[in-house]
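Presented below is the structure to which this report refers.
The shown structure was predicted, so the numbers you read here are calculated from the model rather than taken from an experiment. Residues take their numbers from the sequence shown, with the count starting at 1. All values below come from the heavy atoms of this structure, side chains included, with hydrogens, waters and symmetry mates left out.
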Amino acid sequence: MAVADGVARSRTAGVLRYRIYRPTGADPGDLAVVGHGFLRAKERMAGLATALARSGVIAVTLDFCNDRLWDGGHVRNALAMMAVANALGARRVVYTGFSAGALAALIAARNDRRAVGVVALDLVDAQAMGIRMASGLKRPLIGLVGDASCCNAFQNGLAVYAASPSAVVQRMIGADHCDFESPTDWVCRLTCARGGAISGSPRQDILRSATAAVQSLLRDAAGSETRGEE
């Protein structure tokens with residue numbers, strides 16, 4: 001696996017800084033674009049990107065430039081994810097992300113013909129934007145959901161999945177919001193981690209489930225293309 005940094009241009013965000021995790025022998029046309037949470041950074045999604053690359057999927061993380069305390073910039077973040085996919089010449093894309101990054105991933109998939117599906121990690125909706133996007137999404141939507149808390153808006157992502165005819169929800173029992181980014185840090189733990197003694201984090205289970213979901217979406221898309229050619 002090779003890891004490299006790069007930059008892409010976006011009309012809405014200027015210069016986008018990304019990090020690509022490229023396994024040897026991967027199909028260069030298949031890509032997973034991974035978005036971080038609100039006011040976070042691409043380094044917080046390194047665990048998922050590494051797990052994807054080790055499974056044979058090219059993954060790229062990026063820093064969103066549009067997050068503000070008063071505005072998540074979700075549409076512009078979605079456009080940034082699409083711009084990175086463009087820069088890397090992707091042909092089939094799985095958009096995935098954590099929290100607000102999952103909302104951006106959903107918006108990107110709704111507006112990108114190359115998208116083969118969405119993998120959302122503890123998605124947090126804003127102004128019912130996710131519900132509107134999910135209701136018109138023609139690709140699979142896979143949601144991994146943690147325990148209800150203020151940091152995931154008490155599972156308001158469930159309404160997003162309910163709006164999609166093709167959504168699949170996997171509840172990660174015992175997972176707090178911070179378990180969906182890897183590595184996390186004290187900022188997230190101070191704000192969002194569950195209190196009391198922790199016998200064990202489900203983070204590795206989340207990474208395995210998210211990786212399997214991305215693989216299945218790319219595999220199903222490749223199979224559909226093959227059947228279409230036949």
Side-chain heavy atoms of F64 within contact of M81, under 4.5 Å:
yes

Got a sec, which pairs hit disulfide (SG to SG under 2.5 Å) with one end in residues 73-103, sequence neighbours left out?
none

Is R44 salt-bridged to D185, cutoff N-O under 4.0 Å?
yes

State, to 0.1 Å, how close K42 and H36 come at their nearest heavy-atom pair, and which atoms those are.
N-CD2, 3.7 Å

Q155 side chain to G146 main-chain N or O, any donor-acceptor pair under 3.5 Å?
yes

If only atom types and distance count, is the side chain of S164 paired as donor or acceptor with the main-chain N or O of S135 below 3.5 Å?
no

Can you check whether V119's main-chain N or O pairs, donor with acceptor, with T96's side chain at less than 3.5 Å?
yes

Value for CG (D147) from CG (N152), rounded to nearest 0.5 Å, stands at 8.5 Å

Modelled atom types, side-chain donor and acceptor of N86 and R9, under 3.5 Å:
no

Rounded distance (nearest 0.5 Å) linking atom CZ of F180 with atom CG of L121:
7.0 Å

Nearest 0.5 Å, what's the CE-CZ distance between M1 and R54?
5.5 Å

Are V124 and L103 close enough, and set up right, to give a side chain to side chain contact (heavy atoms under 4.5 Å, CB included), and what steps lead you there?
CA-CA 7 Å; V124 176; L103 176 57; over 6 Å; no

Please check if I142 and Y95 belong to a single hydrophobic cluster, counting links between Ile, Leu, Val, Met, Phe, Trp and Tyr side chain heavy atoms closer than 4.5 Å.
no

Is there side-chain contact between L16 and V7, with heavy atoms separated by less than 4.5 Å?
no

D27 with R92: basic N within carboxylate O range, under 4.0 Å
yes

Between A8 and Y18, the two heavy atoms sitting closest are N-CE2, 3.9 Å

How far apart are the closest heavy atoms of I131 and D125, and which atoms are they?
N-OD2, 3.4 Å

For A102 against G97, the heavy-atom pair lying closest together:
CB-O, 3.2 Å

Less than 2.5 Å separating the SG atoms of C192 and C150?
no

Hey, which of V94, L52, V60 is the one that makes side chain to side chain contact (heavy atoms under 4.5 Å, CB included) with V34?
L52

Flag the pair D63 / R40 as yes when at least one side-chain heavy-atom distance between them is below 4.5 Å, and no otherwise.
no

Is the backbone of E43 close enough, under 3.5 Å, to the side chain of R19 for a donor and an acceptor to pair up by distance?
no

Walk me through it: do V33 and L31 pass the test side chain to side chain contact (heavy atoms under 4.5 Å, CB included)?
CA-CA 6 Å; V33 182; L31 183 67; 3.7 Å; yes

Rounded to the nearest 0.5 Å, what separates atom OG in S182 from atom CD in Q204?
6.5 Å

Count the heavy atoms of every other residue, nucleotide or ligand shown that sit under 6.0 Å from CZ of R17, and state whether that count exceeds 12.
no

Heavy-atom check, side chain of P140 versus side chain of L217, under 4.5 Å
yes

Transitively linked via ILVMFWY side-chain contacts under 4.5 Å: M133 with L141?
yes

State the OH-CG distance between Y161 and L106, to the nearest 0.5 angstrom.
8.5 Å

Is there a donor-acceptor pair under 3.5 Å between the side chain of D112 and the backbone N or O of A108?
no

Evaluate the side-chain proximity of R203 to T184: yes if any heavy-atom separation is below 4.5 Å, no if none is.
yes

Donor-acceptor contact below 3.5 Å, side chain Q215 vs main chain S55
yes

Looking only at non-hydrogen atoms, find the nearest pair between V160 and A134 and report the distance.
O-CB, 3.3 Å

Ring-plane angle category for F98 and H177, please: parallel below 30°, perpendicular beyond 60°, tilted otherwise.
tilted

Atom CG in D179, atom CG in D122: separation rounded to 0.5 Å?
9.0 Å

Going through the distances and angles, do D30 and I58 end up as a side chain to side chain contact (heavy atoms under 4.5 Å, CB included)?
CA-CA 7 Å; D30 288 349; I58 300 172; over 6 Å; no

Is the side chain of S149 donor-acceptor paired with the backbone N or O of C151 at a distance under 3.5 Å, no angle test?
yes

L48 and V116: same hydrophobic cluster, using ILVMFWY side-chain contacts below 4.5 Å?
yes

Closest heavy-atom pair and its distance - R139, S166:
O-OG, 3.0 Å

Check the pair E181, C188 against side chain to side chain contact (heavy atoms under 4.5 Å, CB included), reporting the backbone distance first and the verdict last.
CA-CA 9 Å; E181 63 176 12; C188 187; 3.5 Å; yes

